[in-house]
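The structure displayed is predicted, hence computed values, not measured ones. Chain letters run A, B, ... following the sequence lines, proteins first, then strands; residues in each count from 1.
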Amino acid sequence: MRELQESLKRAIKDLFNVDVEPELTRPEEQFGDYSTNVAMQLAAQLGKSSREIAQTLADKVQYAETVDKTQVAGPGFINFFISDKALLDSLNTQPSKELDGKEILVEFGDPNPFKEMHIGHLYSYIVGDAIAGLLEASGATVRRLSYHGDVGLHVAKAVFGLRELKKPRQGQEEDTAIEKEGYLGKAYAYGAKKYEEDEESKEEIDKINLKIYEGDDPQINNLHQAGINLSFDYFDKILDLLSINNDKRYLESQTIPAGKELVEKNLDSVFKQSQGAIVYEGEKVGLHTRVFITSKGLPTYETKDLGLTVLKDKDYPQASRSIIITANEQSEYFKVMLAALAEINADLAKKTTHLSHGFLSLTTGKMSSRLGDVYPAMKLLLEVKAAVHEQYPDSQVRKEVTFGAVKYAFLKHRLGSDITIDIEESISLEGNSGPYLQYAFARANSILQKVDIGQQAGDDSLTLQTGERSLTRKLSEYQEVVVKATDELMPHHIATYLYELAQNFNRFYESSRIIGDEREVLRLKLVESYAQVLKNGLQLLNIPVVEKM
RNA sequence: GCCCCCGUAGCUCAGUGGAUUAGAGCAUCUGUCUUCGGAACAGAGGGUCGGCGGUUCGAGUCCGUCCGGGGGUACCA
């Protein structure tokens with residue numbers, strides 16, 4: 001593809017004395033393997049008809065080695081038909097590691113301790129991990145980070161509850177993380193109830209809130225830490241099920257000193273006093289004003305997040321990029337925070353990218369976080385698990401199918417807008433689903449297991465038949481798709497591609513005998529190549545791959 | 001009120017300037033059914049791409065406007 005692009009570029013220079021980067025796209029199969037619209041772009045500039053330009057160019061490039069034929073179509077497209085040999089050769093090219101040597105921070109998940117992890121966090125974790133995987137596939141060293149709110153009224157309520165109810169006993173090894181979390185939930189519910197109903201308790205909780213802030217009461221500190229530990233044990237359990245790594249956790253309370261210092265240092269330059277509070281006037285850059293330090297002198301989330309960027313920078317000074325993934329309700333907020341940061345430390349702000357995902361809802365059941373009525377992450381996982389077990393009681397790989405189904409159901413959607421998941425559909429295990437892809441791999445793998453792929457030389461002069469060529473063509477797109485998904489930080493491109501690839505293979509498989517056929521050598525190579533690409537793609541999304549189902 | 005995002009088939013979504021017929025999956029209907037794994041494949045029906053106007057050789061895609069939905073909008077995160 002690079003060669004084609006280069007020879008096209010040279011031809012344009014030679015013929016018309018114009019410097020352009022011709023864009024090559026993948027047209028529909030009937031129109032060839034690559035296509036360019038460069039003639040239409042040049043038409044106005046050169047004062048010639050686009051078809052005429054296209055024809056001149058097509059004639060010139062026709063003699064490039066890898067091109068079988070060219071064709072001018074429609075208003076002036078040039079279509080390139082690549083030779084079978086060149087197409088097959090392109091399957092062996094190594095992926096380009098364009099991020100080799102770079103260190104990139106990716107923050108995602110961010111569930112709050114003392115609260116239930118809900119499906120929104122699950123979505124964030126899965127999407128963030130896939131983005132991290134994309135960057136790793138391009139050679140980057142990725143640090144998976146998360147940030148957790150360990151201060152605030154909700155925490156004080158839970159700590160109060162922990163104190164009033166019985167403390168969790170040490171050494172209860174048989175407790176599962178789920179039960180511990182249930183305990184924490186009870187403590188929170190107890191504290192929240194008391195806060196509403198009992199004036200004395202309310203005062204006490206407010207006091208605890210302040211103590212957590214100041215961190216100078218040993219008993220409160222212990223309870224606070226115990227609660228955090230319980231939560232993180234539970235989060236770890238879920239992450240472990242999902243095979244998601246978490247390199248480092250930051251706590252909101254840790255970010256306060258750095259954040260406050262930054263705001264105070266830049267008071268009167270970046271930040272302004274207003275009505276007793278310290279604010280950043282976002283209007284000057286087309287945004288809105290936000291409070292960084294309240295009139296009571298307490299730092300808001302804005303200040304803490306500012307502090308977090310400082311902490312990350314200190315921990316990972318070599319990082320060339322920092323990506324933060326949250327729900328999109330925080331989009332506007334992040335713009336303001338980053339605008340303020342840009343005035344303080346332009347380099348740091350420039351490195352930081354905020355990405356957001358939409359709300360996740362389920363067609364069955366309701367999830368309204370406004371009412372505090374959240375759908376727990378674990379509940380969803382257990383439901384999918386139960387359904388898989390029911391449908392495939394004898395399967396040896398139910399766990400892989402469960403997590404493959406959940407992850408793929410989330411990842412196939414474009415990042416950004418709200419999505420609705422139908423649990424029934426994602427576990428129905430057919431159609432555009434994770435298990436379909438897992439099955440598609442297992443099937444190919446099964447064929448490969450049956451034969452010994454030796455060093456049999458293929459017949460180079462063989463012309464590819466329709467199904468073979470279609471599959472080969474699709475396989476050759478893989479690297480481009482990875483680059484696109486990485487550039488855009490959009491893992492769904494991989495999901496969409498893998499599904500189309502699997503469909504393409506299944507079509508080929510249905511109509512083409514592989515083992516025992518006179519074209520066995522060639523076809524086995526295609527199957528092998530297909531299995532490899534599918535496996536790479538699934539692994540990149542961190543979707544489990546199984547040899548047998 | 002102002003700012004941001006979204007509106008594509010009954011449902012869930014791809015497609016974000018290019019190709020006479022806008023693509024998938026689910027659901028509905030019909031085939032393949034002595035199979036290298038049928039968790040599959042082939043086919044049918046189903047769309048004024050929210051409305052209107054504009055830019056362009058070309059608009060689901062860009063611009064304007066209206067309608068509808070979601071989010072944000074100073075001391076929550």
Fill in: Close residues, residues 504-511 of chain A, relative to RNA chain B [heavy-atom separation under 4.0 Å]
A:Asn506, A:Arg507, A:Tyr509, A:Glu510
Worksheet item: Taking only residues two or more places apart in sequence or in another chain, which ones pass salt bridge (Lys or Arg N to Asp or Glu O under 4.0 Å) with A:Lys335?
Response: A:Glu332
Practice prompt. Dot-bracket notation for RNA chain B is requested: 5' to 3', Watson-Crick or G-U wobble pairs only, both distances under 3.5 Å, with ( ), [ ], | and . as defined.
Written response: (((((((..((((....[....)))).(((((.......))))).....(((((..]....))))))))))))....
Response to the item:
Taken in chain and number order and not counting sequence neighbours, the residues that satisfy side-chain hydrogen bond (donor to acceptor under 3.5 Å, both in side chains) with A:Glu29 are A:Ser470
Worksheet item: Which residues within residues 295-304 of chain A lie with some heavy atom under 4.0 Å of an atom in RNA chain B?
Response: A:Ser295, A:Thr300, A:Tyr301, A:Lys304
Table of protein N/O atoms under 3.5 Å from nucleotides 20-25 of chain B N/O atoms:
residue : atom : partner  : partner atom : Å
B:G25   : O2'  : A:Asn432 : N            : 3.4

Listing, residues 147-154 of chain A side-chain donor-acceptor contacts under 3.5 Å, not counting sequence neighbours, or none:
residue  : atom : partner  : partner atom : Å
A:His148 : ND1  : A:Pro111 : O            : 2.6
A:His148 : NE2  : A:Ser146 : OG           : 2.8
A:Asp150 : OD1  : A:Glu252 : N            : 3.3
A:Asp150 : OD1  : A:Ser253 : N            : 2.9
A:Asp150 : OD1  : A:Ser253 : OG           : 3.4
A:Asp150 : OD2  : A:Ser253 : OG           : 2.6

Contacts under 3.5 Å, N or O only, protein and nucleotides 7-10 of chain B:
none

Discussion item. Can you tell me if A:Lys450 touches the phosphate of B:G37, counting only side-chain N or O atoms and a distance under 4.0 Å to OP1 or OP2?
Written reply: yes
Worksheet, complete the sentence: By salt bridge (Lys or Arg N to Asp or Glu O under 4.0 Å), A:Arg249 pairs with (sequence neighbours left out) A:Asp236
Response to the item:
For A:Gln465, the side-chain hydrogen bond (donor to acceptor under 3.5 Å, both in side chains) test, sequence neighbours excluded, returns A:Arg523
Worksheet item: Does anything in residues 394-417 of chain A pair up under ring-ring contact (aromatic ring centres under 6.0 Å, His included), and if so which pairs, sequence neighbours excluded?
Response: A:Tyr123-A:Phe410
Protein N or O to nucleotides 58-65 of chain B N or O, pairs below 3.5 Å:
none

